[in-house]
Amino acid sequence: MTDKPQDESKLIAERRRKLDALRVDGNAYPNDFRRNATADELLTTFADHTDETLRAENVQVAVVGRMMAKRVMGKASFIKLQDRSGQIQVRLERDHLAEGVYAAFKKWDVGDIVGASGALFRTQTGELTVLADEVRLLTKSLRPLPEKFHGLADQETRYRQRYVDLIVNEESRKVFRTRSAIIAYIRAFLDAQDYLEVETPMMQVTKGGAVARPFTTHHNALDMSLFLRIAPELNLKRLVVGGFERVYEINRNFRNEGVSTQHNPEFTMLELYRAYADYEDLIEMLEALLHGMAESILGTTVVRYQGEEFNFGERFARMTVEEVVRKYNPDLDPARIRDRGYLAGICKKLGVAVRDNDGAGKLQIEIFDKTGEHELRQPTFITQYPTEVSPLSRRNDADPFVTDRFEFFIGGREIANGFSELNDPEDQAERFREQVAIAAAGDDEAMAFDHDYIRALEYGLPPTAGIGVGIDRLVMLLTDSPSIRDVLLFPHMRPEVFD
RNA sequence: GGGGCGUUAGCUCAGUGGUAGAGCAUUCGGCUUUUAACCGACUGGUCGAAGGUUCAAAUCCUUCACGCCCCA
């Protein structure tokens, strides 16, 4: 954007002239007007007061906000001021204001920030209104707002200029209030169970805790490369070693992958660890959390999302990975469901690439992702993930091919991932060595060997279970948002070109 | 990475080869109970960018940029 007024639209140039006039008259950006109530406080407090009682009570109020409507009828006007709580109407009468104020007001624009004080009354249609005996322009807005009826519809502008979206689109404000309420609900839920909220580094020397490509950055003074974390997992488990038996972190992870309606390069995860618990305890906990959250946030256990209805009022379904694979591949021979060569043949039929070092477990997951994941519409816990694809999970005691792990799906999307933690340092070291081998074979998503983490496990990680919950996807679900960008205040965008 | 759709006034959108339009906003005038206020007049555009076809391009073609959706 340019600073040269001659390049600006006439609308902006017009407002800039008005600002120049304000500067001549005095302080164009005053900060000495104070309100004594928000719009919603007034609407709530005086909801039952008639015009007669209001006039008898002579309730003096001072309100502020952005002028979202301006209706001038000769010597009197109505305006709507929008503050953080909502909108309140103000009536201005020329003869009820100081000399010249009304004439000045007529030059103000929709979008300007205004303060007004006076007594409350009710209009003929019953709307609570402030009859102004003082009104002041607090901040001049130089840019016109989008058209009042349709609002701002252009997706690109809504994401790039979120401030405009928030000014004019109440639905957008609501999404972000709901987001905040969801996170507050989670904190209250966990705090009540004596979990400790912690913060662990975003910048890490060793990448680990998940299978994903990292962003790299560089520390100049130390002249070293650092990874932006793909997960906080290993640090949180170090804290459990340290004796914080219940910890959680709600924070950003960074993954250097594609951008889509469900992926943003940085996204928010709840990650939680609980000692002396197993993955089934966390399934129960997540279920209770989500049931209560839907009731608290939505006021119902029926979650409507993009034309589907998800039932949050009953026990969620459970299936194993192999059950899903069999259900959605009815021709698959169950006796050979762990036969690497057999599964490779099925993958080829499905058009899934098979790598030489992919084992049966990895191929099961490929088939699961391709044929089953999208079908998991109603909330479902999927358990018993192959050990091969679960390098941090505890092996199942009865069946070491799988781990005590689950993922949770709603609407065909992964919402959460949890497991009983692998706390055997020798098994963990072996899993890290396998990851290193996979990385050496060319998989840039594989984990590195984290020597300090092994050392921490050698001090003793108590039997522990952990879970990660994708907050953005949860918010999408509870706000009926089709794209992750709708629930991120500033979603990642390619740079805008300013010329 | 592939495919589809889109980009026209500040905003929301029309305009499929022949003089760039509407509503809202802006500006001016009127109006002391409006609710997308209303009435009247006016103003506002390198039609995303570059190139090409054509007597003539917002419109057809090519490339690029950005966005949205689907697929990998």
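Quick note on labels: first sequence line is chain A, next is B, and so on, each numbered from 1.
- Residue A:Arg494 has its side chain nearest to B:C66 when only B:U32, B:U26, B:C66 are considered.
- For B:G67, the paired nucleotide is B:C5, the pair qualifying as Watson-Crick or G-U wobble because both relevant distances are below 3.5 Å.
- Ring geometry, A:Phe381 versus A:Phe316: the interplanar angle falls from 30° to 60°, so the pair is classed tilted.
- Taking the six-membered ring wherever Trp is involved, the centroid distance between the rings of A:Phe254 and A:Phe227 does not fall below 6.0 Å.
- Only the C1' atoms considered, B:C66 is 33 Å distant from B:U27, to the nearest whole Å.
- Distances were taken from every side-chain heavy atom of A:Lys75 (C-beta onward) to each of B:U12, B:U33, B:C31; the shortest belongs to B:C31.
- Nearest nucleotide to the side chain of A:Ala153, out of B:U34, B:A25, B:U12: B:U12.
- Figure legend: A:Lys70 and A:Phe78 shown without cation-pi pairing, the cationic atom not lying both under 6.0 angstrom from the six-membered ring centre and within 45 degrees of its axis.
- Taking atom C1' in both B:A41 and B:U26, the straight-line distance is 14 Å, to the nearest Å.
- The C1' atoms of B:U33 and B:U59 are separated by 49 Å, rounded to the nearest whole Å.
- Separation of the P atoms belonging to B:C55 and B:C38 is 49 Å when rounded to the nearest angstrom.
- For A:Glu147 and B:A14, the CD to P distance is 14 Å, given to the nearest whole Å.
- Closest approach to the A:Thr125 side chain among B:U27, B:U35, B:A36 is made by B:U35 (side chain taken as heavy atoms from C-beta onward).
- B:G30 and B:G15 have their P atoms separated by 39 Å, with the value rounded to a whole Å.
- Listed nucleotides: B:G10, B:A36, B:C66. Nearest to the side chain of A:Phe149: B:A36.
- With B:U12, B:A25, B:A72 as the candidates, the nucleotide lying closest to the side chain of A:Leu11 is B:A25.
- If you check distances only, the side chain of A:Gln124 never reaches the base of B:U34 with a donor-acceptor pair under 3.5 Å.
- Comparing B:C61 with B:G23, their C1' atoms sit 34 Å apart, to the nearest whole Å.
- When the P atom is used for both B:U43 and B:A22, the distance is 11 Å, rounded to whole Å.
- Pair assignment for B:G18: B:C55, on the basis of Watson-Crick or G-U wobble contacts that are both within less than 3.5 Å.
- Comparing B:C11 with B:G17, their P atoms sit 28 Å apart, to the nearest whole Å.
- Searching all strands for a Watson-Crick or G-U wobble partner of B:U34 with both distances below 3.5 Å returns nothing.
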